[in-house]
Protein chains: 2
Amino acid sequence: MADEDGPGSVRPGGRTARVRTAVLEAAGDLLAEHGFARLDLAEVAARAEVGKTTVYRRWRTPAGLTADLLVDMAEQSLPRADTGSLHGDLEANARLVAKTLTDPRQSRLFRAVMAAASFDDAAAIALHRFYDVRLTEWSPCVTDAIGRGEAPPGTEPRAVLTAVSAPLYYRLLASGDPIDEQAVRVAVQAAVSATTAGVFVRSAT
Amino acid sequence: MADEDGPGSVRPGGRTARVRTAVLEAAGDLLAEHGFARLDLAEVAARAEVGKTTVYRRWRTPAGLTADLLVDMAEQSLPRADTGSLHGDLEANARLVAKTLTDPRQSRLFRAVMAAASFDDAAAIALHRFYDVRLTEWSPCVTDAIGRGEAPPGTEPRAVLTAVSAPLYYRLLASGDPIDEQAVRVAVQAAVSATTAGVFVRSAT
């Protein structure tokens, strides 16, 4: 039975895949609307028009469902940019982050998952894995820049990418300052400037 | 009646102040334990050993109570450092942020409030006001640096301070990467490097 396969074994176009798509969309909607604390598998099943038993059997808990949603989001997320320059690639990255964080559904969804991660280990692991996939996907932007002589050898890709995204997340989650064109520009320039200066070179210690 | 004063009119040492201290401590504990969605005024009153009526009359809603907790946290937060150098001041700031974000109660409390802010406007306003107070308190570190010739005229203090804190928040909330000595050092060096390069100078446009 296809239904007994794990979440990782989706056959695109099959019934299992269609069920997963509907359930994950409903789960994302409900997380964005009410947060993780009120995520209810029966409500997800009703909204997705899928049998409750299927949802309970396959995802078991709200944390399990949230974890699979993050797996799906990581799979669907856009590949790295390859513009030919570090500045161009980091700007593409910053624009993608800004677009996600200024989208009402997406930004509430991320905040809901971050809240879940502070109370649930499975959600935390899934959240960190999502960012790990993203940071790994975009790392070649930095290693390519090292190859082109735009960044010093030993520059840590993850530190550079964190420097680009972090000020935009801080605006969403902490200060409430706008995530606008100026914020994107400054985040990219600051990351490029610090990269060029060698700040992100892996330390020997 | 002191009880009819607003939350802003605390007389230190008075009964009103003692009640507020007990209630806010209980609210902070419960937020850190269970998150905003499960914050219940009756439970706060019981834990604080304060009459339920007092809590309902004075704070009215979980969002109102969370907002007052943030007012109190802003009032209690440490004054800016004044080490005599931009690097020293920003390092003190980064250490303070790292200490808060690696404290289990504090980090869960902040995540709970951030989650509340995505579903409740009053909580969002209170959260943004908290960061506004912090960013304003620490801004003289940057204006003093401009005065000493360590930063170009027109450097935006808020952008510099955001650059210092943001990578540490990103590690807590998104990537899960450790908030350690190395993370603090890199965040400070990146912010100083970009500041010196003029990245945070207010743009004319």
Side-chain angles (χ1 to χ4, degrees), chain A residues 32-38 107-112 114-119 124-125 127-132 134-135 156 158-163 165-177 181-183 185-200 203 205, chain B residues 32-38 107-112 114-119 124-125 127-132 134-135 156 158-163 165-177 181-183 185-200 203 205:
Chain A
E33 283 167 30
H34 306 299
F36 180 76
R38 295 193 204 152
S107 81
R108 291 178 70 162
L109 176 51
F110 273 101
R111 285 189 282 186
M114 285 168 184
S118 62
F119 298 102
I125 289 166
L127 182 72
H128 299 155
R129 195 173 293 146
F130 170 82
Y131 284 100
D132 196 47
R134 299 301 301 137
L135 290 165
E156 288 267 26
R158 219 172 157 102
V160 176
L161 295 165
T162 293
S165 297
L168 306 175
Y169 275 84
Y170 186 83
R171 285 163 180 260
L172 173 72
L173 299 165
S175 68
D177 289 343
E181 188 55 34
Q182 158 95 347
R185 196 175 53 73
V186 169
V188 173
Q189 285 187 349
V192 171
S193 168
T195 300
T196 309
V199 171
F200 302 122
S203 84
T205 56
Chain B
E33 284 167 29
H34 307 297
F36 181 75
R38 295 193 204 153
S107 81
R108 292 178 69 162
L109 176 51
F110 273 101
R111 284 188 282 186
M114 286 168 182
S118 62
F119 297 102
I125 289 166
L127 182 71
H128 298 156
R129 194 172 293 145
F130 170 82
Y131 284 99
D132 196 47
R134 299 301 302 138
L135 291 165
E156 287 268 26
R158 220 173 157 100
V160 176
L161 294 165
T162 294
S165 297
L168 306 175
Y169 275 84
Y170 185 83
R171 285 162 180 260
L172 174 72
L173 299 165
S175 68
D177 289 343
E181 188 56 34
Q182 159 94 346
R185 195 175 54 73
V186 170
V188 173
Q189 285 185 348
V192 170
S193 167
T195 300
T196 309
V199 171
F200 302 122
S203 86
T205 54

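In this text, all values refer to a predicted model and were calculated from it rather than measured experimentally. In what follows, chains carry the letters A, B, and so on, assigned in the order in which the sequence lines appear, proteins first and then strands, with residues in each chain numbered from 1. Computed over heavy atoms, backbone and side chain alike; hydrogens, waters and symmetry mates excluded.
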Please set out all donor-acceptor pairs under 3.5 angstrom arising from side-chain atoms of residues 189-199 of chain B, sequence neighbours excluded.
{"residue": "B:Thr195", "atom": "OG1", "partner": "B:Ala191", "partner atom": "O", "Å": "2.6"}
{"residue": "B:Thr196", "atom": "OG1", "partner": "B:Val192", "partner atom": "O", "Å": "2.7"}

Any residue meeting ring pair (Phe, Tyr, Trp, His ring centres under 6.0 Å) with A:Phe130, in chain and number order, not counting sequence neighbours: A:Phe110
Could you measure the distance from the CZ atom of B:Arg111 to the OH atom of B:Tyr169? Nearest 0.5 Å is fine. 12.0 Å
Which one, A:Asp177, A:Leu135, A:Ile125, A:Asp132, leads in non-hydrogen pairs under 4.5 Å with chain B? A:Asp177
Among the options A:Pro167, A:Ser118, A:Ala187, A:Gly176, pick out the one with the most heavy-atom pairs lying under 4.5 Å from chain B. A:Ser118
Do B:Phe36 and B:Phe119 have their ring centres less than 6.0 Å from each other? no
Counting only non-hydrogen atoms closer than 4.5 Å, does A:Ala32 touch chain B with its backbone (N, CA, C, O), its side chain (CB onward), both, or neither? backbone
I'd like to know which of A:Ala159, A:Ala117, A:Ser175, A:Gly35 tops the heavy-atom pair count under 4.5 Å against chain B. A:Ser175
Scored by heavy-atom pairs under 4.5 Å with chain B, the best of A:His34, A:Arg134, A:Arg129, A:Glu156 is A:His34
From A:Tyr131 OH over to A:Leu161 CG, what is the distance, rounded to the nearest 0.5 angstrom? 13.0 Å
Which one, B:Arg38, B:Arg108, B:Arg171, leads in non-hydrogen pairs under 4.5 Å with chain A? B:Arg108
Considering only heavy atoms, which portion of A:Phe200 lies under 4.5 Å from any heavy atom of chain B: side chain, backbone, both, or neither? side chain
Quick check: closest heavy atoms across B:His128 and A:Ala174, and the distance to 0.1 Å? CD2-O, 3.2 Å
